Amino acid sequence: MDAFETALIRILPRLRRFAHGLTRDAADADDLTQRAAERALKSRAQWQPGTNFDAWTYRILRNLWIDTARSRQRRDKVIAPAEDAETVGAPGDAEAAAERLFLMRAMDRLPDEQREAVALVMIEGLSYAEAAEVLEVPAGTLTSRLVRGRQALAKMLGGVNDG
Amino acid sequence: MMAEPVDEPMVIAWIDGELAPEQAARVEQAVAADPALRELAETHRAMRARFASAFGGIADEPVALPSAEIVSFADMRARRMRRLWVPGAIAASLVAGLFIGQVERPKGVADRADALALAPDLARKLDTQLSGEPGPVRVALSFRARDGAYCRSFSATHLDGVACRTATGWTLRYAAPGTAARGDYAQAGNNPALAGAIAAIIAGDPLDAAGERSARDRGWR
């Protein structure tokens, strides 16, 4: 395994988590992750050593997702709980999966550009600068999408007043 | 700037650790002094923690590379059945390894026919161990060299290398300081120069699991 593949394998679990945030569907997330990994391997010549590898791979996955979402009917709801439960592997995961499903449903109600900002910062733990780099938007745009997404989520999850 | 009131975006940025120290201190003071701001901060802090915790487990699950990666022979076999372009992709990735990250990599021992004989301990491991098996020595890949000899790439505590079997035993064809000693499994085999050395020596595709087992059982002759 070379440095590129090692770096890719290291980031893949986090890409898959980001894919969960974007797709709100475990099976779609796995599929998207695999396609992003394939695309990254095929496009490896385009990666500039010394630049942010993680941001580059997040961007690949996110752009693939945009293409996918555009090319098919928009889902109007997230997967049903029963369906999600089937994808849960280890025992004891049911509660975590239910919580995740609940949060993915909330995410589902956000506009795409707010959801991806929220997923990159709140779930992936990227800095604002890194998230802006992934999404190829100015820092101010990222911040305002992030704040609006967070405010909307806080209301949905019942924790904050309108003020 | 100092007169700017502390608002929700600032509180969120503070929670995200995005503020400069002076600004962060100011928000911290404002939050401490104002119950409404404190509640807002708690809400956003709890929500961030909730998302991080709910999704955190996903990132602990390993994900395999889809194709060109060389991990185990079982994997490779399965991939080869699925994707006909894999052997080419492997070759391409081995060659590409030459050009990525080589700046900070030691050059290692050059490939020479009269290169070093391998320490007996290591040689025994290469005699018996199949690739992918855990241990202080890990074999990544077995393959035939262009001169027909069997070769194996490995990571040991202080040494990464490629050794080929000659009439007198295992001979080192390439070596570099070990990556396994760092104790980070993800680092093991992270060596573009090693991949380049393999690309220079290998004839055809790496052995699959059955081929490797049979070569081992025949004493790598």
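Each chain gets a letter, A, B and so on, in the order its sequence line appears, and its residues count up from 1. What you see is a predicted model, and the numbers here were worked out from it, not measured in a lab.
- Within the 4.5 angstrom heavy-atom criterion, atoms from both the backbone and the side chain of Ala13(B) approach chain A.
- Between Leu12(A) and Ala64(B), the closest heavy-atom pair is CD1-O, 3.7 Å.
- In this structure, Met122(A) CE and Ile12(B) CD1 are separated by 9.0 Å, a value rounded to the nearest 0.5 Å.
- Within 6.0 Å of atom CZ in Arg213(B), 12 or fewer heavy atoms from other residues, nucleotides or ligands are found, so the atom counts as exposed in its surroundings.
- Residues Asp16(B) and Leu146(A) form a side-chain contact, since some pair of their non-hydrogen atoms from C-beta on lies under 4.5 Å apart.
- Put simply, CD1 on Ile58(B) and CG on Asp30(A) are 9.0 Å apart, with the number rounded to the nearest 0.5 Å.
- With values rounded to the nearest 0.5 angstrom, Ile123(A) atom CD1 is found 11.0 Å from Ser53(B) atom OG.
- A 6.0 Å sphere centred on CZ of Arg45(B) holds more than 12 heavy atoms belonging to other residues, nucleotides or ligands.
- Counting only heavy atoms from C-beta outward, the side chains of Thr143(A) and Glu18(B) never approach each other to under 4.5 Å.
- In this structure, Arg100(A) and Phe55(B) approach most closely via the heavy-atom pair CG-CE2, 3.6 Å.
- A pairwise comparison of heavy atoms in Pro13(A) and Ala59(B) identifies CB-O, 3.2 Å as the closest pair.
- A salt bridge links Arg50(B) with Glu99(A): at least one charged nitrogen is closer than 4.0 Å to a carboxylate oxygen.
- Phe18(A) does not touch chain B: none of its heavy atoms, backbone or side chain, sits under 4.5 Å away.
- Between chain B and the options Val121(A), Val118(A), Leu8(A), Leu103(A), the largest number of non-hydrogen pairs under 4.5 Å is found for Leu103(A).
- Phe51(B) places a side-chain heavy atom less than 4.5 Å from the side chain of Met107(A).
- Using a 4.5 Å cut-off between heavy atoms, Thr33(A) contacts chain B through its side chain alone, with no backbone atom that close.
- Nearest heavy-atom pair, Ala154(A) versus Thr43(B), reported as atom, atom and distance to 0.1 Å: CB-CG2, 4.2 Å.
- With rounding to the nearest 0.5 Å, the separation of NE2 in His44(B) from CZ in Arg150(A) is 7.0 Å.
- Taking CG from Leu157(A) and CE from Met47(B), the interatomic distance works out to 6.5 Å, rounded to the nearest 0.5 Å.
- In this structure, Arg14(A) does not pair ionically with Asp60(B), as no charged nitrogen and carboxylate oxygen lie closer than 4.0 Å.
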